[in-house]
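See below for the structure under consideration.
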Protein chains: 2
Amino acid sequence: MTREHQSNPADVLGDLIKHFETSPEGGIDTASCPVRDVLDRIGDKWSVLILTLLAREPKRFSALNRVVGDISKRMLTQTLRSLQRDGLVERTVYPTTPPMVDYRLTDLGRSALEPLAGLIVWADRSHDQIRQAREAFDHKGEDMPLVS
Amino acid sequence: MTREHQSNPADVLGDLIKHFETSPEGGIDTASCPVRDVLDRIGDKWSVLILTLLAREPKRFSALNRVVGDISKRMLTQTLRSLQRDGLVERTVYPTTPPMVDYRLTDLGRSALEPLAGLIVWADRSHDQIRQAREAFDHKGEDMPLVS
DNA sequence: GAGGTATGGTCTCTTTCAGTTACCTACTAT
DNA sequence: ATAGTAGGTAACTGAAAGAGACCATACCTC
């Protein structure tokens, strides 16, 4: 009861929501919302995985490609580019032959690890519960439309 | 140097990565990865926003529709259904006429608020830096292909 | 000099699917 | 008759993702 009063997530989020409610017509201005902006980025299929793989040490393109396995080189390039563009990842080319490239987190990228780790730990811990809820839901309503 | 030793995000993530590296052929088994599973869910366009809006108190369908504004009813229904399916949101129908429906977070849903708030706060704080990195990147390489 | 290996990509084609628009139900209150 | 509930349905569209060929360079081998 003591520490929750100060840092209740609902309050934090409520304040942020208020902060985002700056659009003229009473609705939330989703277009300029920084949260949307960031979530669009890390919500893609590979970004979080790449970030976590780079957490410990820099890795080369081909190393990432080997570790992930089911990512195409195209998607790996694209993901790394957009992480680089957002300043989360730094790309270094070594002038050898054949040229060697490695990718490492920037300070900004490293600062993202903490919130991401929180989310990932939550996901890992809640996964069973979510799967159970899904099964229960799917069994209960044998007649649910909309998702068919 | 003292507390970082215990809870360094890179270490947490490294351990988790190791934990997920259970596929036979040395690659990460992205299909059964709980993180991927969860991120696919909250990575969509509306889920996080809805969750944060429900953080303070239950809300009715039309209230959510009004607040968000640029969401279609179809997407709102769909988002709420899948949140309900995953056990994050509870749907209550009151037998009035016209029937009234409200949506509230479950305990599981509430437990997601903390990691989400962490991410959202990070996003809010880092947004400027990310935008700057983007602009710098876009100006530096006037010849970047791939994203055209 | 033909072929193989390796690096770090790029290009094009195709499919898939999230999201949108627009119109529908059924009921009631005014 | 019109608006407000809480949705459902169908058709369309654009972006994301996947598959897989290709490329430039250089080294090694035969």
Just the table, please: protein N/O against nucleotides 3-7 of chain C N/O, every pair under 3.5 Å.
unit_1	atom_1	unit_2	atom_2	d
C:dT7	O3'	A:Arg60	NH2	3.3
C:dT7	O3'	A:Pro99	O	3.4

A:Thr79 side chain near A:Leu49 side chain, heavy-atom distance below 4.5 Å: no
Specify the separation, in whole Å, of atom CG of B:Leu64 and atom P of D:dG7. 10 Å
Starting at atom CD1 of B:Ile71, determine the distance to atom P of C:dG19, rounded to an integer number of angstrom. 9 Å
B:Gln78 has an atom CD; how far is it from atom P of D:dA6, in whole Å? 19 Å
Using a strict threshold of under 4.0 Å (side-chain N to carboxylate O), is an ion pair present between B:Lys59 and B:Asp102? no
Just to confirm, is there a sub-4.0 Å distance from OP1 or OP2 of D:dG7 to any side-chain nitrogen or oxygen of B:Tyr103? yes
Side chain of B:Phe61 (C-beta onward), nearest among D:dG8, D:dA6, C:dT21: D:dA6
Give a yes or no on this: more than 12 heavy atoms of other residues, nucleotides or ligands lie within 6.0 Å of atom CZ of B:Arg125. no
Separation of D:dG20 atom C1' from A:Asn65 atom CG, nearest Å, is 13 Å
So, OP1 or OP2 of C:dG9: does either fall under 4.0 Å of a side-chain N or O from A:Arg91? yes
Taking CE from B:Met75 and C1' from D:dG8, how many angstroms apart are they, rounded to a whole number? 15 Å
Return yes if the base of C:dG19 and the side-chain atoms of B:Lys45 contain a donor-acceptor N/O pair under 3.5 Å, otherwise no. no
Non-hydrogen side-chain atoms of B:Arg104 and B:Thr92 separated by less than 4.5 Å: yes
Between A:Asp37 and B:Arg131, is the closest basic N to carboxylate O distance under 4.0 Å? no
Please give, in whole Å, the distance from C:dG8 C1' to A:Leu76 CG? 10 Å
Send over the distance from B:Arg81 CZ to D:dT9 P, rounded to a whole Å. 11 Å
Of the nucleotides C:dT10, C:dG19, D:dA17, which one has an atom closest to the side chain of B:Asp44? C:dG19
In terms of hydrophobic clustering (I, L, V, M, F, W, Y; side-chain heavy atoms under 4.5 Å; direct or indirect links), are B:Tyr94 and B:Tyr103 co-clustered? no
d(NZ, A:Lys73; P, C:dG9) in whole Å: 10 Å
Please determine whether a side-chain nitrogen or oxygen atom of B:Arg74 lies at a distance below 4.0 Å from atom OP1 or OP2 of C:dA18. no
Can you check whether B:Asp138 reaches A:Arg85 side chain to side chain, under 4.5 Å on heavy atoms? yes
Heavy atoms from C-beta onward define the side chain here; which of D:dG7, C:dT20, D:dG18 lies closest to that of B:Trp46? C:dT20
